[in-house]
**Student:** 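Would you mind keeping the following structure in view while I ask a few things?
Since the model is a prediction, treat every value here as computed from it, not as a measurement.
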Amino acid sequence: MKRVLFISQYSPESRIVGDMVYTWDILHVLRHDPDLYIHFLAYQDKDRWYENETKQLANLVDKITLVPFRHLKPWQMALSTYPASLKNRAHGAMRSAMLGILEKEHYDVVMFNSLKMAYLVKDTFGMTIRRVYISHNVETEVSKSIYKTTKNIPQKFIYWLDYIKTAWWEKRLAKSFDAITAICSYDANYFLNHDYSGDVQVIRPIVQVMPYEEPKAHTGKIIICGSFTWLPKRLNLNKILDSKSIANLKPNNCQLQIVGRTLKEDIEKGNKLPGVHVTGPVEAIAPYYEDAEVAIVPELAGGGFKLKIAEAVEHHVPIVAIKGSITDSNMLPGVHYLEADDFDSLIDKAIALVHDRALQQRLTANAVKLFTDTYSLDAVSHDMQDIIS
């Protein structure tokens, strides 16, 4: 039996953010192999309920070790050579926990889940293990998009500095791993094109897609789903709300539903616009997808949109995406989704798709077939074997 130590920033059980959803998928992929022993090591932040749930996790892995999380002061992160997200987790307690486990027990593979935990790899040099970096995004590209889209000058400088740190550390740390997983082909090619010589494998999100039979009832509803409290996501959201084409929703009998965690001022701003409804936090997104005819993917800043694409396909909702947001080479514009050049045309193309039932059906059927073939648990588990073997 092969033994895997999986090191993560938190328990993913609540799955309320994209990183948790993808981590949960990765653990299911590993569990699909009955010959793996999985020891899950992570931080536990007692101030955040959604990082403390482990009942289902206990049925997914063989052992859980949790390390108390300690928040750093902003000035401590600002003065560090690490980027902020990494420095906030670079604690001696986690190093001690990992080294204690590796000294007492034998492991064949150690998986470092996201760049936030990759700093630990240097403490494993000299050990006979396979080191695997589970990337969730190309963090350099995410950081770059944040500073480029930020308008406030002091904030822009802070994000630019964090981008420089992220780029330096991601490239340096990546070379320390025997293998890297990537969530999409764009990310995989990025590592291959930036002097990384190890194994790179695309490990896509798991999507359980039911067979597609017929288009949904005509509702006129367009959905954008996500968490919009983080600055990059707020920027994307406000570009949508500020679009001139928002005025075209109501005359065309359409409603834009923005579903997910949103700041109070953005909820109020959106709900003042004709044809727009901002829900704020919801218990479940499925009912909103069931009602929607079209899904919009507006992300140019930040990450996480790969999972939103998977969600839309899973719920049989055709996609309109802004150019550059869909980064998997398997998905082709005009075949699996529609592409828009800017935020105004993004809204207008979504409105047009609401009223084109034949195109809805064609895009959805093509996307469902693609995801059934390449995003299933069996398909993704097969890809993972190349990484851990």
Side-chain angles (χ1 to χ4, degrees), residues 184 204-205 207-226 236-237 240 243 245-260 273-279 282 284-300 305-376:
C184 66
R204 296 180 170 87
V207 184
Q208 297 177 332
V209 187
M210 298 297 292
Y212 178 66
E213 297 176 354
E214 59 184 23
K216 298 184 176 186
H218 179 58
T219 63
K221 291 181 179 178
I222 301 166
I223 188 172
I224 300 176
C225 192
N236 295 322
L237 174 62
I240 287 286
S243 167
S245 294
I246 285 287
N248 298 332
L249 288 165
K250 196 167 183 180
N252 285 280
N253 297 314
C254 292
Q255 183 187 62
L256 176 63
Q257 291 196 322
I258 299 167
V259 181
L273 298 172
V276 177
H277 175 55
V278 186
T279 66
V282 297
I285 59 172
Y288 294 93
Y289 271 114
E290 289 169 6
D291 242 6
E293 286 191 78
V294 175
I296 284 179
V297 178
E299 274 92 345
L300 283 179
F305 43 84
K306 294 121 179 166
L307 296 171
K308 296 308 167 191
I309 295 161
E311 277 181 2
V313 176
E314 183 177 7
H315 290 92
H316 295 175
V317 181
I319 297 165
V320 181
I322 198 159
K323 190 173 184 178
S325 64
I326 293 187
T327 53
D328 199 327
S329 60
N330 282 343
M331 293 194 71
L332 305 176
V335 178
H336 303 106
Y337 69 100
L338 296 184
E339 190 172 74
D341 291 329
D342 52 46
F343 285 89
D344 287 337
S345 59
L346 188 66
I347 299 291
D348 288 333
K349 283 197 172 187
I351 292 171
L353 185 55
V354 164
H355 298 290
D356 191 336
R357 306 285 282 170
L359 183 56
Q360 283 184 39
Q361 191 167 9
R362 186 168 75 250
L363 293 171
T364 304
N366 290 341
V368 166
K369 184 180 187 309
L370 173 66
F371 274 62
T372 301
D373 293 342
T374 58
Y375 289 71
S376 68

**Student:** First locate atom NZ of Lys349, then atom OH of Tyr337, and finally report the distance between them rounded to the nearest 0.5 Å.
**Tutor:**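 OH of Tyr337 is found 10.5 Å from NZ of Lys349.
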**Student:** Please say which of Thr364, Leu370, Asn366 ends up in a side-chain contact (heavy atoms from CB on, under 4.5 Å) with Val368.
**Tutor:**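 Exactly one option meets the side-chain contact (heavy atoms from CB on, under 4.5 Å) with Val368, and it is Thr364.
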**Student:** Rounded to the nearest 0.5 Å, what separation is found between the CD1 atom of Ile322 and the CG atom of Asp341?
**Tutor:**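 Between Ile322 CD1 and Asp341 CG, I get 8.5 Å after rounding to 0.5 Å.
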**Student:** Less than 4.5 Å apart, side chain to side chain, heavy atoms only: is that true for Ile223 and Ile285?
**Tutor:**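 Counting from C-beta outward, Ile223 and Ile285 never come under 4.5 Å.
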**Student:** With rounding to the nearest 0.5 Å, note down the distance linking CG in Leu273 to NZ in Lys250.
**Tutor:**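 Answer for the CG-NZ pair, Leu273 versus Lys250, is 11.5 Å.
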**Student:** Any side-chain heavy-atom pair from Asn248 and Ile347 closer than 4.5 angstrom?
**Tutor:**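 The answer is no, as the side chains (C-beta and beyond) never meet within the 4.5 Å cut-off.
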**Student:** Would you say that Ile240 contacts Leu346 through its side chain, given a criterion of any heavy-atom pair below 4.5 Å between the two side chains?
**Tutor:**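 In contact.
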**Student:** Working note: Leu256 + Ile224, criterion side chain to side chain contact (heavy atoms under 4.5 Å, CB included); need CA distance, chi angles, decisive distance, verdict.
**Tutor:** CA-CA 8 Å; Leu256 176 63; Ile224 300 176; 3.9 Å; yes
**Student:** Please name the pair of heavy atoms, one in Tyr289 and one in Lys308, separated by the smallest distance, quoted to 0.1 Å.
**Tutor:**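 For Tyr289 and Lys308, the tightest heavy-atom pair comes out as OH-O, 4.0 Å.
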**Student:** If I take atom NE2 from residue His277 and atom CG from residue Leu249, how far apart are they, to the nearest 0.5 angstrom?
**Tutor:**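 The distance works out to 14.0 Å.
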**Student:** Quick one: does Gln208's side chain have a donor or acceptor within less than 3.5 Å of a partner on Glu314's backbone?
**Tutor:**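 Pair absent, no side-chain N/O of Gln208 close to backbone of Glu314.
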**Student:** At their closest point, which heavy atom of Thr279 faces which heavy atom of Val259, and how far apart are they?
**Tutor:**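 Answer, listing the atom of Thr279 first, then Val259: OG1-CA, 3.3 Å.
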**Student:** Donor-acceptor pair, Asn252 side chain versus Cys254 backbone, under 3.5 Å?
**Tutor:**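 Checking the backbone N and O of Cys254 against the side chain of Asn252, no donor-acceptor pair under 3.5 Å is found.
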**Student:** Which pair of non-hydrogen atoms, one from Leu353 and one from Pro318, has the smallest distance, and what is that distance?
**Tutor:**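 Of all heavy-atom pairs spanning Leu353 and Pro318, the closest is CD2-CB, 4.0 Å.
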**Student:** Taking the side chain as every heavy atom from C-beta outward, state whether Val294 and Leu338 have any pair of such atoms under 4.5 Å apart.
**Tutor:**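 No, their side chains stay 4.5 Å or more apart.
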**Student:** Restricting to non-hydrogen atoms, name the atom on Gly324 and the atom on Glu339 that form the minimum distance, rounded to 0.1 Å.
**Tutor:**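 Heavy atoms of Gly324 and Glu339 come nearest at N-OE2, 4.3 Å.
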**Student:** Where do Val354 and His218 land on the side chain to side chain contact (heavy atoms under 4.5 Å, CB included) test, with the steps shown first?
**Tutor:** CA-CA 8 Å; Val354 164; His218 179 58; 3.7 Å; yes
**Student:** Can you give me the closest heavy-atom contact between Phe371 and Val209, atom names plus distance?
**Tutor:**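 Closest heavy-atom pair between Phe371 and Val209: CB-CG2, 4.0 Å.
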**Student:** Strictly distance-based, threshold 3.5 Å: is any side-chain N or O of Ser345 a donor or acceptor partner for the main-chain N or O of Asp342?
**Tutor:**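 Confirmed, Ser345 side chain pairs with Asp342 backbone.
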**Student:** Just do the side chain to side chain contact (heavy atoms under 4.5 Å, CB included) check on Leu237 and Val278 with the steps written out, would you?
**Tutor:** CA-CA 11 Å; Leu237 174 62; Val278 186; 5.7 Å; no
**Student:** Are the side chain of Ser245 and the backbone N or O of Asp348 linked by a donor-acceptor pair below 3.5 Å?
**Tutor:**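 Checked: no pair found.
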**Student:** Do Lys369 and Tyr212 make a side-chain contact, defined as non-hydrogen atoms from C-beta onward lying under 4.5 Å apart?
**Tutor:**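 A side-chain contact is absent here, since even the closest heavy-atom pair is not under 4.5 Å.
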**Student:** Of all the heavy-atom pairs spanning Arg204 and Thr374, show the shortest one and how long it is.
**Tutor:**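 In terms of heavy atoms, the two residues are closest at CD-O, 4.1 Å.
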**Student:** With side chain to side chain donor-acceptor pair (under 3.5 Å) as the test, pick out the partner of Glu293 among Lys216, Arg357, His355, Lys221.
**Tutor:**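 Answer to the side chain to side chain donor-acceptor pair (under 3.5 Å) test with Glu293 among Lys216, Arg357, His355, Lys221: Arg357.
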**Student:** How many angstroms lie between atom CG of Asp344 and atom CD1 of Ile246, to the nearest 0.5 angstrom?
**Tutor:**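 The CG atom of Asp344 sits 9.5 Å away from the CD1 atom of Ile246.
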